[in-house]
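All remarks here apply to the structure that follows.
Scope of the values below: all heavy atoms of this structure, side chains included, with no hydrogens, waters or symmetry mates.
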Amino acid sequence: MKKLLLLSGLSAIVFSSFAESPEPAMIEDATIVAISPNGNYAVSQGSSGIRIFNIASGEECIQISGEECEDFYAGDGNCISDNGIVVASSPSSASPYYWKDGMWHTLGVPSGALTSNHAQGVSTDGSRICGNIRIAGMGNDEDVLMVVPCVWNAEGDGFGKPVMLPHPDVDYAERVPQYITAIDISSDGKIVLGQIRDAQGILNYPIIYKEDENGEWSYEIPHEDLINPDHVKIVPFPGEGPIMPQYESFMTQEEIAEYTFAYNEYVNSGCTIPCPEYWQFMSPDEIAEYNRAADVYNEKATAYNEKFEAWVEFITAIVITSPDYAFNQVRLSPDGKTFGCTVQVEGEMDPMTGFPSVENSVWLFDLTSDKITKYNKNGDLNIFYVANNGIGIGTTSAGTVSDSYILQDGEVIDILSWMNSKVPAYATWIKDNMLFPYEQYIYNEEKGDYEYIDGEVIMTGRATATPDFSKISLSVLNVWDGMDEGPAYIFNMKADNAVTTVCPASGEKIIYDLSGRRLREAKAPGIYIINGEKKVIR
């Protein structure tokens, strides 16, 4: 199979001059997951660990790799502040981490907290971190809340003890949820976005925490009406069913030993002799006592099964009618006015696996108006970032030919078209430099089988940005070569000589020379950017 051809470059950040034609900064072997709001720092998360870059100086602040951070990962929210504080976690550590002043520091957790506590997001000024504390393991006999949300506030040179955020005690079915999390945080640190994972571990839905002017926190379940929209009557969970009586409880130790000997003889014979039964070694009174217990059990089991089937019917009705929000795939805009979720629906049957496929779309929620805008792109669109002014960035799923899209005003705009409307020369650069060969399995319906297809594709990778889109990064995952990171590119959308424009009207020609000057027409021989395309006039 062909391997993805990676572009050459230095291991540090390479910045290009805008004197002739704008080119992005390039970072090799990086997957940028976050850019600080002021555009000065970037965080990469991948097989080489967490890497932090000072975009302004072009230097790498840190690279952690090898045994030191095999399980180190950055937060899922806005994980880097304007002053370079980065939040991270490790499943093998009880304490989450934050990077500050060239060092990793630990965040405090309550006494008795288990491992795998998370620091997920940080406010723009680095004064508040949000995350989750794991307080319990999975309960076998009863509902247990395993994860609770919290914030850490800056104190002195570090951060104080975690402040637990208020949260509901039960889920939509009046059971104790498994997880209640805090994943992303607004620029001012006063709004936090998380999720509730129900008692069954089936449904996830968003929760918003807000701090008022007195420093008091409250919570709300946005669009709670979407859960159980048909208002199905809640059926209480019937609890654990009755315990079936065991023969051994009615037998003497001698009888159990005789049965065990006979069973071993049966096994040693290669199962050629009759298999012994417990009752064959019991007295008539013991058998009668067992049968009376079995009759009581059967009566209780029948009543329990009726309650359990009614509860399953209730849960099924909820699951079918409620949005299936993907776990941990939620993002809050820095201005705290918009949040986005990946929503999953069951698709068509996959002939390769024999199971239904999962189709993902992105829903953006306006917290100022309760408006929901839904975005879909061929059933494979996942939320990755939400900027200010209600604009989102969606990406294709990990492990695929990765592309990103701008989600705005109900439209799904591919990055190439969006870039062409903002900086046409950048769009030309992407077309010239981000074209990759591939081989792909394509299902041939006529042949009823999969076949290899050769081709080339522009792969824009996963995108993230600053809140105002003054900088945007594209990270290409090498899906053809062991899922290694490819190059990451950082585009400066406000460079002095960057060409910015809007999409041309039908038939209109928007012309720039390579210095970024807009022209009425291209008279002299040379190279021009015409409607985002590089043209040579002879």
Determine, using ring centers only, whether [Y] and [X] are less than 6.0 Å apart.
X	Y	result
Phe469	Trp418	yes
Phe365	Phe339	yes
Phe327	Tyr179	yes

Any donor-acceptor pair under 3.5 Å from [X] side chain to [Y] backbone:
X	Y	result
Thr396	Asp403	yes
Asn389	Ile391	no
Asn132	Ala182	yes
Asp230	Val232	no
His223	Asp370	yes
Gln195	Thr181	no
Asp82	Asn38	yes
Asn117	Arg134	yes
Arg128	Gly189	yes
Ser361	Asn376	no

Taking atom [atom1] of [X] and atom [atom2] of [Y], what is their separation to the nearest 0.5 Å?
X	Y	atom1	atom2	answer
His118	Ile133	NE2	CD1	10.0 Å
Glu213	Lys190	CD	NZ	8.5 Å
Ile85	Ile129	CD1	CD1	6.5 Å
Leu474	Met459	CG	CE	11.0 Å
Phe384	Ser402	CZ	OG	10.0 Å
Leu193	Leu367	CG	CG	8.5 Å

side-chain hydrogen bond (donor to acceptor under 3.5 Å, both in side chains) assessment of Ser397 paired with Asp380: CA-CA 6 Å; Ser397 300; Asp380 185 20; 2.5 Å; yes
Could you tell me if the side chain of [Y] sits less than 4.5 Å from the side chain of [X], heavy atoms only?
X	Y	answer
Tyr209	Cys150	no
Pro96	Trp152	yes
Thr460	Asp414	no
Ile50	Trp104	yes
Tyr375	Leu364	yes
Tyr205	Tyr172	yes
Pro149	Ile207	no
Leu145	His167	yes

Derivation and outcome, side-chain contact (heavy atoms from CB on, under 4.5 Å), residues Ile490 and Ser473: CA-CA 4 Å; Ile490 298 176; Ser473 68; 4.1 Å; yes
Flag if over 12 foreign heavy atoms under 6.0 Å of CD, Glu299: no
CA sep, side-chain torsions, deciding dist, call: Tyr41, Val86, side-chain contact (heavy atoms from CB on, under 4.5 Å): CA-CA 10 Å; Tyr41 298 94; Val86 177; over 6 Å; no
Which atom of [X] lies closest to which atom of [Y], heavy atoms considered:
X	Y	answer
Ile185	Leu332	C-CD2, 3.8 Å
Ser44	Phe53	CB-CE1, 3.8 Å
Ser123	Ser81	O-CB, 3.4 Å
Lys100	His105	O-NE2, 3.2 Å
Val362	Ile383	CG2-N, 3.4 Å
Ala30	Ser475	O-CB, 4.0 Å

Working for side-chain hydrogen bond (donor to acceptor under 3.5 Å, both in side chains), residues Asn444 and Glu451: CA-CA 7 Å; Asn444 188 318; Glu451 59 184 8; 3.3 Å; yes
Summary of side-chain hydrogen bond (donor to acceptor under 3.5 Å, both in side chains) pairs that have at least one residue in residues 326-345, sequence neighbours excluded: Asn78-Arg331, Asp184-Arg331, Gln329-Thr342, Ser333-Asp335
Sequence neighbours excluded - side-chain hydrogen bond (donor to acceptor under 3.5 Å, both in side chains) pairs with any residue from residues 304-314: none
Test ring-ring contact (aromatic ring centres under 6.0 Å, His included) applied to Phe159 - qualifying residues, sequence neighbours left out: Tyr98
Evaluation steps, side-chain hydrogen bond (donor to acceptor under 3.5 Å, both in side chains), between Gln200 and Asp198: CA-CA 5 Å; Gln200 294 74 237; Asp198 72 1; 3.3 Å; yes
Tyr290 and Tyr247 aromatic ring geometry - parallel, tilted or perpendicular at 30°/60° bounds: parallel
Test side-chain contact (heavy atoms from CB on, under 4.5 Å) applied to Val176 and Val144, step by step: CA-CA 6 Å; Val176 178; Val144 175; 5.9 Å; no
Val343 and Lys374: CA distance, side-chain angles, deciding distance, side-chain contact (heavy atoms from CB on, under 4.5 Å) verdict: CA-CA 9 Å; Val343 179; Lys374 301 178 182 180; over 6 Å; no
Full working for side-chain hydrogen bond (donor to acceptor under 3.5 Å, both in side chains) between Arg197 and Asn204: CA-CA 4 Å; Arg197 189 175 182 88; Asn204 312 286; 3.0 Å; yes
Thr395-Asn382 side chain donor-acceptor pair, cut-off 3.5 Å: no
